[in-house]
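Beneath this line is the structure, given in structure tokens, with notes to follow.
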2 protein chains.
Amino acid sequence: MRMGEGVEWALHSCLNLTWIEPGEAMTAARLAAFYQLPPAYLNKQLQALVRAGIVTSTPGPRGGFRLARAPEEITLLDVVTAIEGTGEAFRCDEVLRRGPGGREDVDYRQQCVVAQSMRRAELAWRKELAGRTLAEVKATVEKRHPGTPASTRSWFAGLRT
Amino acid sequence: MRMGEGVEWALHSCLNLTWIEPGEAMTAARLAAFYQLPPAYLNKQLQALVRAGIVTSTPGPRGGFRLARAPEEITLLDVVTAIEGTGEAFRCDEVLRRGPGGREDVDYRQQCVVAQSMRRAELAWRKELAGRTLAEVKATVEKRHPGTPASTRSWFAGLRT
DNA sequence: GCCTCAGTACTCGGATAATGTCTGTCCGAGTGGGCATGG
DNA sequence: CCATGCCCACTCGGACAGACATTATCCGAGTACTGAGGC
């Protein structure tokens, strides 16, 4: 039950995208250089965010990625599911169906007590993630480190790639 | 973020172990036959439960596995961590350290706001799993299907392998 | 008849292959800007 | 000097290998039962 490392990259990159000038776009290469990440692979993760509708992309010169909507409307769950997929962590393969007394017309993913318990736990996890928006994270960071927005912008401005 | 299928097998096997006669042991082959699972591979999962102290094993004829303690003292989290390990799902590789302004003397796993948010969500998940014992699951199953203990025992009794 | 002892079948336990997913990289399609050219 | 059209550099996007974890299997070490043999 290990989460892909792309989740961390995506979250921090989305956070950086909240600090760029409105109307501007940031290329995958620049976002990758910020944390010394493999540019092509980060690009792959950003594409997943595009497919999920979290960021928009524009090709060509002056192109790149930008947030598709306000940070208040982007939850951590959105980003996580965009990278990891919507599937649940606990896979109920319905072993009960293979066991004695197993019926073909029963949806054990819903009926199995074990599956229900695991689902309840995952629901708590999802609820926690869905309750935290990118704007809240951004606000917390800016409260602890007020210089972050300005220093981030200036670092990107002074980048030569 | 996919959980190994061994978790489902381990949970259902532990549940079956709650229904055998006290003092008896159940072999991996029999437990596997119950759900038509690969015997050797289920044995591997059961070994993980042994290392975690959830079940005990005895070799030789009349040997097998039995629960190491009362079902009231076994939580779903115990079983999950026994199979999947204690590591967290979200891997914080501390990308902030690689970024501009990153310090070597800061533990970003604790300080990073993103990591904190993800940790909080996982804590909610763990708390939910830790709050559900094997005894509760067993009781719920027996309430819905009162014949389960007897039919399970008789199935194992009538098994020839 | 009872005890002793060797043989045997059975079980777990860890070491060993096969498979699938995640990680990482590369090249092509499309776009916008920049520059030379002509009016 | 200004408008126009071509060329080029830049960007994303998806197709292509390598590394790692998971899945699956097999064989060896140890144990308790079983039966024969002796007292």
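To find a chain, count down the sequence lines: A is the first, B the second, and so on, and within it residues start at 1. The shown structure was predicted, so the numbers you read here are calculated from the model rather than taken from an experiment.
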### Message
For A:Leu42 and A:Arg2, find the nucleotide of DNA chain C closest to each by heavy atoms; which residue's nucleotide sits nearer the 5' end?
### Response
A:Arg2
Write out all pairs satisfying salt bridge (charged side-chain N to carboxylate O under 4.0 Å, His left out) with one or both partners inside [range], taking only residues at least two apart or from two chains.
range	answer
residues 19-29 of chain B	B:Glu21-B:Arg153, B:Glu24-B:Arg62
residues 44-56 of chain B	none
residues 121-131 of chain B	B:Glu122-B:Arg126

Output the single nucleotide from [options] whose closest atom is nearest the side chain of [X].
X	options	result
B:Tyr41	C:dC12, C:dT23, D:dT25	D:dT25
A:Ser57	D:dC12, C:dG24, D:dT22	D:dC12
A:Arg51	D:dG14, C:dT25, C:dT16	D:dG14
A:Lys44	D:dA24, D:dC16, D:dC12	D:dC16

### Task
Using the test side chain to side chain contact (heavy atoms under 4.5 Å, CB included), find all partners of B:Ala52 that sit at least two apart in sequence or belong to another chain.
B:Ile54, B:Ala82
For [X], what residues pass the salt bridge (Lys or Arg N to Asp or Glu O under 4.0 Å) criterion, not counting sequence neighbours?
X	result
B:Glu5	none
B:Arg91	none
B:Glu142	B:Lys138
B:Arg97	B:Glu94

If I take atom [atom1] in residue [X] and atom [atom2] in nucleotide [N], what distance separates them, rounded to the nearest angstrom?
X	N	atom1	atom2	result
B:Glu84	D:dT23	CD	C1'	13 Å
A:Arg30	D:dC12	CZ	P	11 Å
B:Glu24	C:dT11	CD	P	13 Å
A:Leu31	D:dT11	CG	C1'	13 Å
A:Met3	C:dT23	CE	C1'	17 Å
A:Ile83	C:dT21	CD1	C1'	16 Å
B:Glu5	C:dT19	CD	P	15 Å
B:Glu8	D:dT23	CD	C1'	15 Å

### Task
Please work out which residues in residues 93-100 of chain B have a non-hydrogen atom less than 4.0 Å from an atom of DNA chain C and list them by number.
none
### Query
For A:Val50 and B:Gly6, take the nucleotide of DNA chain D holding the closest heavy atom to each; which residue's nucleotide lies nearer the 5' end?
A:Val50
### Query
Ring centres of B:Tyr35 and B:Trp9 under 6.0 Å apart?
no
#### Entry: Distance flag, aromatic centroids of A:Phe156 and A:Trp19, threshold under 6.0 Å
no
### Query
Side-chain N or O of B:Gln47 less than 4.0 angstrom from OP1 or OP2 on C:dC12?
no
### Task
Check whether any side-chain N or O of B:Arg91 sits under 4.0 Å from OP1 or OP2 of D:dA21, and answer yes or no.
no
### Task
Verify the distance criterion only: is there a donor paired with an acceptor across the side chains of A:Asp78 and A:Thr75 at less than 3.5 Å?
yes
## Note on the structure
For A:Tyr108, the ring-ring contact (aromatic ring centres under 6.0 Å, His included) test, sequence neighbours excluded, returns none
### Query
Could you give the angle between the helix axes at the two ends of the helix from C:dG1-D:dC39 to C:dG39-D:dC1, with five pairs per end, rounded to 10 degrees?
0°
### Query
Nucleotide by nucleotide, 5' to 3', does protein get under 4.0 Å of the base (B), only the sugar-phosphate (S), or neither (-) in nucleotides 26-33 of chain D, counting heavy atoms?
B---BBB-
### Task
Using a heavy-atom cut-off of under 4.0 Å over every strand shown, decide if B:Ala25 touches base, sugar-phosphate, or nothing.
nothing
